[in-house]
Trainee: 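Questions regarding the structure given below will be posed in turn.
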Amino acid sequence: MKITIITVGKLKEKYWKDAVAEYQKRLSRYCKLELLEVQDEKTPEQAGLAAEDGIRSKEGERILKLIRPDSFVITLEIQGKMLSSEELADRIESLGIQGQSHLTFVIGGSIGLGREVQKRSDFALSFSRMTYPHQLMRVILLEQIYRSYRIIAGEPYHK
């Protein structure tokens, strides 16, 4: 299976890059992984709703250009469905059994995802009702995908 992760913004700190590289290495035995970054828009301090919508729209256009038409898209959204690690593993495994060979996960920018990206989503996933920095979310997502493949393979994982 091919897994693509599309994120808004670049990783700046070395410790985030190191964590991502570690999970890329671990996942290489389970799937083909592709990490894509799109440029983030600067959000002014006192941005109004219209300005924020415009920013989400611009970032969304960049995201949508990278999503393949045949991909099953999972967006990370606070209002999405919360799953346990086992449920995420079941979802990934069942998508593969159904013939879905390409999953795309999307992590939005600091003010979230635009409406067009949400419309393109096949499944909205929430890790928590809390908000996380998108750099940290990238690492958490990679860890959970790795954990999912360990569960699918019947290999030990920490509960």
Trainee: Does the side chain to side chain contact (heavy atoms under 4.5 Å, CB included) test come out yes or no for Glu34 and Lys2, once each step is laid out?
Mentor: CA-CA 8 Å; Glu34 176 182 42; Lys2 180 174 183 180; 3.4 Å; yes
Trainee: Starting from the C-alpha separation in whole Å, work towards a yes-or-no answer on side chain to side chain contact (heavy atoms under 4.5 Å, CB included) for Ser110 and His134.
Mentor: CA-CA 7 Å; Ser110 59; His134 50 276; 4.3 Å; yes
Trainee: Quick one: does Gln100's side chain have a donor or acceptor within less than 3.5 Å of a partner on Asp70's backbone?
Mentor: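 Yes, because the side chain of Gln100 sits within donor-acceptor range (under 3.5 Å) of the backbone of Asp70.
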Trainee: Flag the pair Val8 / Ile107 as yes when at least one side-chain heavy-atom distance between them is below 4.5 Å, and no otherwise.
Mentor: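 Counting from C-beta outward, Val8 and Ile107 never come under 4.5 Å.
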Trainee: Tell me whether Leu66 shares a hydrophobic cluster with Leu33, the cluster being built from Ile, Leu, Val, Met, Phe, Trp, Tyr side chains joined at under 4.5 Å.
Mentor: no
Trainee: Should Leu142 and Leu88 be counted in the same cluster of Ile, Leu, Val, Met, Phe, Trp and Tyr side chains packed under 4.5 Å apart?
Mentor: yes
Trainee: Could you walk me through whether Glu37 and Arg62 pass the side chain to side chain contact (heavy atoms under 4.5 Å, CB included) check?
Mentor: CA-CA 9 Å; Glu37 298 174 331; Arg62 294 178 190 132; over 6 Å; no
Trainee: Could you state the interatomic distance from CZ (Arg56) to CD (Glu41), rounded to the nearest 0.5 Å?
Mentor: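 Going from CZ on Arg56 over to CD on Glu41, the span is 12.5 Å.
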Trainee: Can you name the closest pair of heavy atoms from Lys42 and Ile55 and give their distance?
Mentor: O-CD1, 3.6 Å
Trainee: Is the shortest side-chain heavy-atom distance between Leu36 and Ile63 below 4.5 Å?
Mentor: no
Trainee: Rounded to the nearest 0.5 Å, how far does CD of Glu52 lie from OG of Ser57?
Mentor: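 Here the rounded value is 13.5 Å.
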Trainee: Give the minimum heavy-atom separation between Glu59 and Val38, together with the two atoms involved.
Mentor: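 Looking at all heavy atoms of both residues, the closest pair is O-CG2, 4.5 Å.
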Trainee: I'd like to check Thr4 versus Ile67 (side-chain heavy atoms, cut-off strictly below 4.5 Å). Are they in contact?
Mentor: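 Result no, sub-4.5 Å side-chain heavy-atom pair not found.
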Trainee: With a 6.0 Å cut-off (strictly less than), is the heavy-atom count around CD of Gln79, excluding the residue itself, greater than 12?
Mentor: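 Result for CD/Gln79: open.
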Trainee: Distance check, rounded to the nearest 0.5 Å: Leu125 atom CG versus Glu87 atom CD?
Mentor: 10.5 Å
Trainee: What closest approach, in Å, do Glu77 and Ser126 show between heavy atoms, and which atom pair accounts for it?
Mentor: O-CB, 3.1 Å
Trainee: Go through Tyr15 and Gln135 one step at a time and tell me if the side-chain hydrogen bond (donor to acceptor under 3.5 Å, both in side chains) criterion holds.
Mentor: CA-CA 10 Å; Tyr15 54 89; Gln135 297 93 335; over 6 Å; no
Trainee: Is the shortest side-chain heavy-atom distance between Arg26 and Glu22 below 4.5 Å?
Mentor: yes
Trainee: Any cation-pi pair here, Arg150 with Tyr157, using under 6.0 Å and within 45°?
Mentor: no
Trainee: Hey, does Val106 have a side-chain heavy atom less than 4.5 Å from the side chain of Ile74?
Mentor: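 No. Closest side-chain heavy atoms not under 4.5 Å.
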Trainee: With side chains defined as the heavy atoms from C-beta onward, is the minimum distance between Ile140 and Phe127 less than 4.5 Å?
Mentor: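 Side-chain contact under 4.5 Å: yes.
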Trainee: Is there a path of hydrophobic side-chain contacts, each under 4.5 Å between heavy atoms of I/L/V/M/F/W/Y residues, joining Ile92 to Val73?
Mentor: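 Val73 does not cluster with Ile92.
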Trainee: Per the salt bridge (Lys or Arg N to Asp or Glu O under 4.0 Å) rule, what does the pair list look like for residues 89-103, sequence neighbours excluded?
Mentor: none
Trainee: What about Leu103 and Ile152, same hydrophobic cluster or not, with Ile/Leu/Val/Met/Phe/Trp/Tyr joined at side-chain heavy-atom distances under 4.5 Å?
Mentor: yes
Trainee: With hydrophobic residues grouped by side-chain heavy-atom distances under 4.5 Å, do Leu76 and Ile145 end up in a single group?
Mentor: yes
Trainee: Could you work out, with salt bridge (charged side-chain N to carboxylate O under 4.0 Å, His left out) as the rule, every residue matching Lys14, not counting sequence neighbours?
Mentor: Asp18
Trainee: Got a sec, which residues hit ring pair (Phe, Tyr, Trp, His ring centres under 6.0 Å) with Tyr149, two or more places apart in sequence or on another chain?
Mentor: Tyr30
Trainee: Run the salt-bridge test on Asp40 and Lys10 with the 4.0 Å N-O cut-off and return the result as yes or no.
Mentor: no
Trainee: For Arg138 and Thr7, work out which heavy atoms get closest and say how close.
Mentor: NH2-OG1, 3.0 Å
Trainee: Search all heavy atoms of Tyr146 against all heavy atoms of Leu27 and return the closest pair with its distance.
Mentor: CA-CD2, 3.6 Å
Trainee: Pair Gln24, Leu35 - check side chain to side chain contact (heavy atoms under 4.5 Å, CB included), show working.
Mentor: CA-CA 9 Å; Gln24 282 181 288; Leu35 300 175; 3.3 Å; yes
Trainee: Do Arg68 and His102 come close enough that some side-chain heavy atom pair is under 4.5 Å?
Mentor: yes
Trainee: Answer yes or no: is there an ion pair linking Glu61 with Lys65, defined by an N-O contact shorter than 4.0 Å?
Mentor: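 No, this pair does not count.
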Trainee: Rounded to the nearest 0.5 Å, what separation is found between the OG1 atom of Thr104 and the CZ atom of Phe72?
Mentor: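 Atom-to-atom, Thr104:OG1 and Phe72:CZ are 10.5 Å apart.
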Trainee: For Arg147 and Ser85, which heavy atoms make the closest approach, and how far apart are they?
Mentor: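 Where Arg147 meets Ser85 most closely, the heavy atoms are CD-OG, 3.4 Å.
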Trainee: Short question: side chain of Ser148, backbone of Gln144 - any donor-acceptor pair under 3.5 Å?
Mentor: yes
Trainee: May I ask you to test the Leu64-Val117 pair for a side-chain heavy-atom distance under 4.5 Å?
Mentor: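 Yes; the side chains approach each other to less than 4.5 Å.
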